[in-house]
Amino acid sequence: METEREEKNADITFVRWSARVLGVITAGFNLWMFIGESLESHTRSEPIEPIAAIGLALMGIYIVAMFLALKWERAGSLLGLAALGSFFVMLFLGLFHGNVSGGFSLKGVLNPVLLAFWLPVLLYLLCWRLEGRGRRKAVL
């Protein structure tokens with residue numbers, strides 16, 4: 001019985017650290033791309049469209065959420081879920097202009113790079129679920 005609990009704790013620890021590492025990698029990648037794109041142009045560019053500003057704000061919230069999840073997992077994962085979910089709804093509806101077709105396509109919500117941002121959020125939620133299940137069994 002004690003070995004089963006230790007294995008469960010080891011599983012939860014593995015999922016938690018996987019979520020943390022992937023969260024820092026995806027948030028760092030996103031931040032690195034934003035900084036690189038903003039430093040690239042030296043000429044005056046056109047003003048940003050309002051819908052693009054909303055998308056950038058949602059991805060900024062996702063970045064903050066992944067760093068927040070290092071300290072407060074539930075708050076960070078739920079905030080990341082809300083921000084990324086809203087971004088994907090906008091992406092699915094095709095609200096962004098340019099090289100985005102929307103819908104279920106490789107240029108829409110099935111973009112593999114954008115789907116990778118879901119991994120840490122889903123791992124944090126899985127960790128939360130595994131912890132809750134372990135607490136319920138301990139009470140019973």
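Since the model is a prediction, treat every value here as computed from it, not as a measurement.
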For a 4.5 angstrom cut-off between non-hydrogen side-chain atoms, does [X] reach [Y]?
X: Trp118; Y: Leu81; value: yes
X: Leu79; Y: Tyr62; value: no
X: Ile54; Y: Met90; value: yes
X: Met33; Y: Met59; value: no
X: Phe87; Y: Ile61; value: no
X: Leu56; Y: Ile48; value: yes
X: Tyr124; Y: Val15; value: no
X: Leu123; Y: Arg20; value: no

Hphob cluster co-occupancy, [X] + [Y], side-chain heavy atoms under 4.5 angstrom:
X: Leu130; Y: Val21; value: no
X: Leu70; Y: Trp17; value: no
X: Val113; Y: Leu84; value: yes
X: Phe104; Y: Leu93; value: yes
X: Phe88; Y: Val64; value: no

I need the minimum non-hydrogen distance between [X] and [Y], along with the two atoms involved.
X: Ala65; Y: Gly80; value: CB-N, 3.4 Å
X: Thr26; Y: Pro120; value: OG1-CG, 3.7 Å
X: Ser77; Y: Ala69; value: N-CB, 4.3 Å
X: Cys127; Y: Ile12; value: SG-CG2, 3.7 Å
X: Phe67; Y: Gly28; value: CZ-N, 4.5 Å

query: Considering residues, nucleotides and ligands other than Phe34, do more than 12 of their heavy atoms fall under 6.0 Å from its CZ?
result: no
Distance check, rounded to the nearest 0.5 Å: [X] atom [atom1] versus [Y] atom [atom2]?
X: Phe29; Y: Ile25; atom1: CZ; atom2: CD1; result: 11.5 Å
X: Leu126; Y: Asp11; atom1: CG; atom2: CG; result: 9.5 Å
X: Leu95; Y: Ile51; atom1: CG; atom2: CD1; result: 5.0 Å
X: Leu78; Y: Leu125; atom1: CG; atom2: CG; result: 6.5 Å

- request: Given side-chain contact (heavy atoms from CB on, under 4.5 Å), test Leu114 with Leu91 step by step and report yes or no.
  value: CA-CA 10 Å; Leu114 295 177; Leu91 190 62; 3.5 Å; yes
- request: Report the C-alpha distance between Val121 and Met66 in whole Å, list the side-chain angles of each, state the deciding distance to 0.1 Å, and finish with yes or no for side-chain contact (heavy atoms from CB on, under 4.5 Å).
  value: CA-CA 8 Å; Val121 173; Met66 288 300 101; 3.6 Å; yes
message: The test is side-chain contact (heavy atoms from CB on, under 4.5 Å); show your working for Asn9 and Phe14 and say whether it passes.
response: CA-CA 9 Å; Asn9 288 338; Phe14 177 76; over 6 Å; no
field: Test applied, side-chain contact (heavy atoms from CB on, under 4.5 Å); reference residue, Phe117; option that passes from Asn111, Ile63, Asn30
entry: Asn30
